[in-house]
There are 2 protein chains.
Amino acid sequence: MSSDVPGFELPLRLLLAFRTLIDELHAELSKQGHPDIRPMHGFVMQAIGPGGTTAVELGRTLGVSKQAAGKTIDTLERIGYVERTTDPGDTRRKIVRLTPYGLDALNRSARIFDTLRTRWATELGEDRLRALESDLRKVTPANPWRLDMPGWFGSL
Amino acid sequence: MSSDVPGFELPLRLLLAFRTLIDELHAELSKQGHPDIRPMHGFVMQAIGPGGTTAVELGRTLGVSKQAAGKTIDTLERIGYVERTTDPGDTRRKIVRLTPYGLDALNRSARIFDTLRTRWATELGEDRLRALESDLRKVTPANPWRLDMPGWFGSL
DNA sequence: CACGATAGACAACCTGGTTAACCATATGGA
DNA sequence: TCCATATGGTTAACCAGGTTGTCTATCGTG
């Protein structure tokens with residue numbers, strides 16, 4: 001049957017695995033000149049992308065309200081990771097762009113994640129890791145950016 | 001190499017997979033008479049266990065402050081999932097115990113998780129799922145209850 | 001050109017964290 | 001035995017990151 005694993009273990013392990021990666025990422029980022037970055041900031045910056053975005057658009061991408069997106073942008077702006085510039089073609093819009101510092105954090109994050117992935121590949125075997133990735137893709141939504149976590153990234 | 005997967009995908013998929021399970025759990029719990037339960041409550045109740053605990057102890061188990069644990073207990077008490085009784089042997093301590101309603105939620109959660117696991121086993125194949133579980137165990141801490149997520153279960 | 005739709009900001013509120021301070025009770029050593 | 005210290009719990013003030021509702025400014029179209 002299916003219950004030799006007490007129901008709670010699988011979800012817990014998934015969460016823990018995520019946490020493990022994120023914790024190590026931030027320990028490393030901290031060493032590499034980004035001590036103030038918070039776990040979700042990396043995801044938000046990834047969602048902003050190199051081309052920039054707006055608060056409304058970011059909210060849609062992340063599945064949170066435009067106000068929540070605006071607050072997050074405020075924070076990111078305050079600590080120097082993004083900047084707001086007004087769109088010359090539409091003065092209502094404010095384009096949010098990564099600063100060089102923000103871009104640096106994003107690039108370092110990607111490299112660190114690659115390193116961590118390599119470590120997992122060593123621990124599990126490349127084949128097993130690929131299988132794991134493939135299986136995770138099968139059981140999760142196609143568009144990974146539609147996080148829809150008002151409260152995951154947040155309350156819970 | 002390792003970068004045919006853009007670094008961010010693995011952590012994201014782990015989080016999404018967790019989310020997927022939790023969302024379906026709560027959709028189902030809601031149908032089964034537990035509409036007010038929040039995602040973390042199940043984990044907290046699991047951490048409380050059938051024998052009961054105290055605020056300080058629960059805080060230690062979950063890796064949050066005793067005050068935070070106390071607040072969570074307040075909430076759980078308010079919605080009827082736990083009750084506080086004073087310890088006759090030490091009048092400072094207040095034993096937190098699951099109510100029958102709380103126990104019911106916990107039991108149903110376990111059953112629903114089992115059902116979801118079975119669905120994954122169908123989608124992925126039992127062998128693949130076992131491999132996934134085994135691999136997750138390899139890359140996560142031994143004690144899954146030491147969540148240490150002040151801010152995961154929480155801010156981020 | 002007026003009106004509806006859109007972008008952004010602001011306010012009030014909620015949840016689940018944090019520290020700090022405090023009170024009551026246990027407990028162990030002089 | 002008594003007092004100092006440690007421990008359990010509560011309260012208060014704060015923070016981050018969500019929510020909804022309201023408001024203003026601007027865009028774009030009939």
Side-chain angles (χ1 to χ4, degrees), chain A residues 15 19 26 36-45 47-48 52-79 81-97 147-156, chain B residues 19 22 26 36-45 47-48 52-79 81-97 147-156:
Chain A
L15 180 57
R19 265 287 287 199
H26 282 83
D36 292 337
I37 203 170
R38 308 258 304 118
M40 77 163 314
H41 293 162
F43 289 94
V44 173
M45 291 195 292
I48 291 171
T53 185
T54 68
V56 168
E57 200 180 313
L58 181 61
R60 272 197 255 276
T61 306
L62 296 177
V64 301
S65 66
K66 62 179 181 176
Q67 293 91 333
K71 280 194 198 180
T72 302
I73 293 169
D74 288 344
T75 309
L76 250 11
E77 193 176 32
R78 188 171 42 76
I79 60 179
Y81 285 93
V82 304
E83 57 194 0
R84 276 189 248 234
T85 61
T86 47
D87 182 341
D90 182 345
T91 60
R92 289 172 308 176
R93 304 178 78 224
K94 293 195 180 167
I95 312 290
V96 180
R97 279 205 187 73
L147 294 181
D148 254 327
M149 329 209 155
W152 273 105
F153 278 163
S155 68
L156 155 90
Chain B
R19 265 287 287 198
I22 294 295
H26 282 84
D36 292 336
I37 202 170
R38 309 255 306 117
M40 78 163 312
H41 293 161
F43 289 94
V44 174
M45 290 194 292
I48 290 172
T53 183
T54 68
V56 168
E57 199 180 314
L58 181 60
R60 270 197 257 277
T61 306
L62 296 176
V64 300
S65 65
K66 62 180 182 175
Q67 295 92 329
K71 280 194 198 178
T72 302
I73 293 169
D74 288 344
T75 310
L76 250 12
E77 193 176 32
R78 186 170 44 74
I79 60 180
Y81 286 92
V82 304
E83 57 193 0
R84 278 189 247 234
T85 62
T86 48
D87 181 341
D90 182 343
T91 61
R92 289 172 309 176
R93 304 178 79 222
K94 293 194 182 170
I95 312 291
V96 180
R97 278 204 188 73
L147 294 180
D148 253 327
M149 330 210 154
W152 272 105
F153 279 161
S155 69
L156 153 94

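A, B, ... follow the sequence lines: proteins, then strands. Residue 1 opens every chain.
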If we ignore hydrogens and angles and just use 3.5 Å, is the side chain of A/Thr75 paired with the main-chain N or O of A/Lys71 as donor and acceptor? yes

query = Regarding A/Arg93 and A/Thr86, is there a side-chain donor-to-acceptor distance under 3.5 Å anywhere?
reply = no

task = Have a look at A/Ser65 and say if it touches a base, only the backbone sugar-phosphate, or nothing, with a 4.0 Å heavy-atom cut-off.
result = base

Among C/dT19, D/dG8, C/dA11, the one nearest any side-chain atom of B/Gln67 is C/dT19

note: B/Ile73, atom CD1; C/dG16, atom P; distance rounded to Å ~ 13 Å

Atom CZ of A/Arg38 and atom P of D/dA16 are separated, to the nearest Å, by 9 Å

With sugar-phosphate taken as primed atoms, P, OP1 and OP2 and all else as base, the protein-contact string of nucleotides 1-6 of chain D at under 4.0 Å (heavy atoms; B, S, -) is -----B

Whole-Å distance, B/Arg78 CZ to C/dC14 C1', equals 11 Å

Original post:
Does any non-hydrogen side-chain atom of B/His41 lie less than 4.5 Å from one of B/Ile79?
Top reply: yes

From the candidates D/dA13, D/dG9, D/dT10, the one with an atom nearest any side-chain atom of B/Arg84 is D/dT10

Closest to the side chain of A/Thr91, out of D/dT26, D/dT19, D/dG17, is D/dT26

Separation of C/dG16 atom C1' from B/Glu77 atom CD, nearest Å, is 17 Å

DNA chain C nearest-nucleotide lookup for A/Gly70 and B/Thr75: closer to the 5′ end is A/Gly70

Exercise. Hey, are the side chains of A/His26 and A/Ile37 touching, using non-hydrogen atoms and a 4.5 Å cut-off?
Worked result: yes

Separation of D/dC27 atom C1' from A/Lys94 atom NZ, nearest Å, is 16 Å

With the side chain defined as heavy atoms from C-beta on, B/Arg60 is closest, among D/dG8, C/dG17, C/dG8, to D/dG8

Separation of C/dG8 atom C1' from A/Leu58 atom CG, nearest Å, is 13 Å

Set out, in order, the CA-CA distance, both residues' side-chain angles and the distance that settles side chain to side chain contact (heavy atoms under 4.5 Å, CB included) for A/Arg84 and A/Ile95, then state yes or no.
CA-CA 6 Å; A/Arg84 276 189 248 234; A/Ile95 312 290; over 6 Å; no

In whole angstroms, the gap separating C1' of C/dG16 from CG of B/Leu62 amounts to 12 Å

message: Once hydrogens and angles are ignored, does a donor-acceptor distance under 3.5 Å link the base of C/dG8 to the side chain of A/Lys66?
response: yes

Self-check item: Sub-4.5 Å side-chain heavy-atom contact between B/Val96 and B/Leu58
Solution: no

- Query: Which is true for B/Ala68 with a 4.0 Å heavy-atom rule: it touches a base, it touches only sugar-phosphate, or it touches nothing?
  - Reply: base

Separation of C/dA7 atom C1' from A/Asp74 atom CG, nearest Å, is 14 Å

